[in-house]
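Reckoned from all heavy atoms, side chains included, excluding hydrogens, waters and symmetry mates.
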Amino acid sequence: LFVGTKKSKKYKIKDKEKWKMGIGEETKRSIWITFSFAFFAILSLSLLGKAGILGSYIKNILVSLFGRGFFVAPIAFFLLVVSLLKDFKKKTTLGVIAGVVLFFLSSLGILDLIFGKFGGGYAGFLISYPTLQLFDYWVSIILLFALFLISFLMMLNSSFVFHSKE
């Protein structure tokens, strides 16, 4: 115990990071993968009506928030699992998560533009409305589709450069 003494900054930093000690990067990544797969399974079963009472509430929330794009949520978590498994040893978690979020939002925006009237739910409307106010319909589609492609590049940590086999 530190009675009557001040803790040093060095000790405070160690104290804050203490929970991380002993957990390796691969273990942290495995935890992310496990949670992502669990969310994918729960959301998928909810949409299929196989997740009980709470699952029906989850489905209602997904439909109201994401409209016809309610199915994009489980796909996003599945893509997160695939992306984290692809480069398991690399430390790219933040970029992958940003790519999944971009995939999710651009998909909902595209669905809202295509179907109109909250086709992508409230989230899709929040994405598509500003683009429609600034640009025409087709430019908005092109812009959101470009963000959709960028999201896959981020999730898979890839590029359009193809290596020839020589």
Side-chain angles (χ1 to χ4, degrees), residues 25 28-166:
E25 288 300 319
K28 291 176 194 174
R29 185 172 287 270
S30 297
I31 291 168
W32 270 103
I33 291 168
T34 303
F35 274 128
S36 299
F37 186 78
F39 282 124
F40 160 71
I42 291 167
L43 293 176
S44 297
L45 291 171
S46 296
L47 296 178
L48 295 172
K50 302 289 183 186
I53 295 169
L54 188 58
S56 63
Y57 287 120
I58 291 171
K59 181 179 180 179
N60 291 337
I61 291 169
L62 290 176
V63 170
S64 65
L65 286 177
F66 310 130
R68 292 182 182 173
F70 64 88
F71 64 90
V72 177
I75 291 172
F77 280 104
F78 179 75
L79 289 173
L80 181 59
V81 169
V82 170
S83 299
L84 291 173
L85 285 172
K86 179 184 175 288
D87 290 328
F88 189 78
K89 300 263 184 199
K90 294 182 182 176
K91 189 176 179 180
T92 57
T93 306
L94 188 59
V96 168
I97 292 171
V100 170
V101 170
L102 188 60
F103 162 80
F104 188 65
L105 294 176
S106 63
S107 298
L108 293 174
I110 291 168
L111 288 171
D112 195 68
L113 287 173
I114 291 172
F115 293 113
K117 298 191 181 192
F118 292 97
Y122 292 111
F125 177 75
L126 288 173
I127 301 301
S128 68
Y129 183 76
T131 60
L132 280 175
Q133 294 303 306
L134 295 171
F135 305 106
D136 187 17
Y137 173 81
W138 289 108
V139 173
S140 297
I141 289 284
I142 291 169
L143 178 66
L144 290 175
F145 188 71
L147 292 174
F148 180 80
L149 288 176
I150 290 168
S151 73
F152 273 96
L153 295 173
M154 290 174 69
M155 283 187 291
L156 300 175
N157 197 17
S158 296
S159 69
F160 289 130
V161 177
F162 301 102
H163 300 285
S164 62
K165 295 181 182 179
E166 293 181 21

* Structure fact -> Distance col, row Leu43:CG vs Ile61:CD1, nearest 0.5 angstrom, shows 10.5 Å
* Mind checking whether Phe39 and Phe77 have parallel, tilted or perpendicular rings, split at 30° and 60°? -> tilted
* Aromatic contact, Phe148 with Phe103 (centres under 6.0 Å) -> yes
* Asked: For Tyr137, does the OH atom sit with more than 12 other heavy atoms under 6.0 Å from it, leaving out its own atoms?
  -> yes
* Asked: If every non-hydrogen atom of Leu102 is compared with every non-hydrogen atom of Met154, which pair is closest and at what distance?
  -> CD2-SD, 4.0 Å
* Look only at the side chain of Thr131 and the backbone of Ser140, and say whether a donor-acceptor pair between them is shorter than 3.5 Å. => no
* Asked: For Phe152, does the CZ atom sit with more than 12 other heavy atoms under 6.0 Å from it, leaving out its own atoms?
  -> yes
* Validation row, ring centre Phe125 to ring centre Tyr122 under 6.0 Å -> no
* To do: Using modelled atom types only, decide if a donor and an acceptor are shared between the side chain of Asp112 and the backbone of Leu108 within a distance under 3.5 Å.
  => no
* To do: Flag yes if more than 12 heavy atoms outside Leu134 fall under 6.0 Å of its CG atom; otherwise flag no.
  => yes
* Asked: What's the verdict on side chain to side chain contact (heavy atoms under 4.5 Å, CB included) for Ile127 and Leu113, showing C-alpha distance, side-chain angles and the deciding distance?
  -> CA-CA 9 Å; Ile127 301 301; Leu113 287 173; over 6 Å; no
* Is the side chain of Ser44 donor-acceptor paired with the backbone N or O of Pro74 at a distance under 3.5 Å, no angle test? -> no
* Structure fact -> Rounding to 0.5 Å, atoms CG (Leu79) and OG (Ser151) come to a distance of 8.0 Å
* Asked: So which heavy atom on Leu80 is nearest to which on Ser36, and how close?
  -> CD2-OG, 2.9 Å
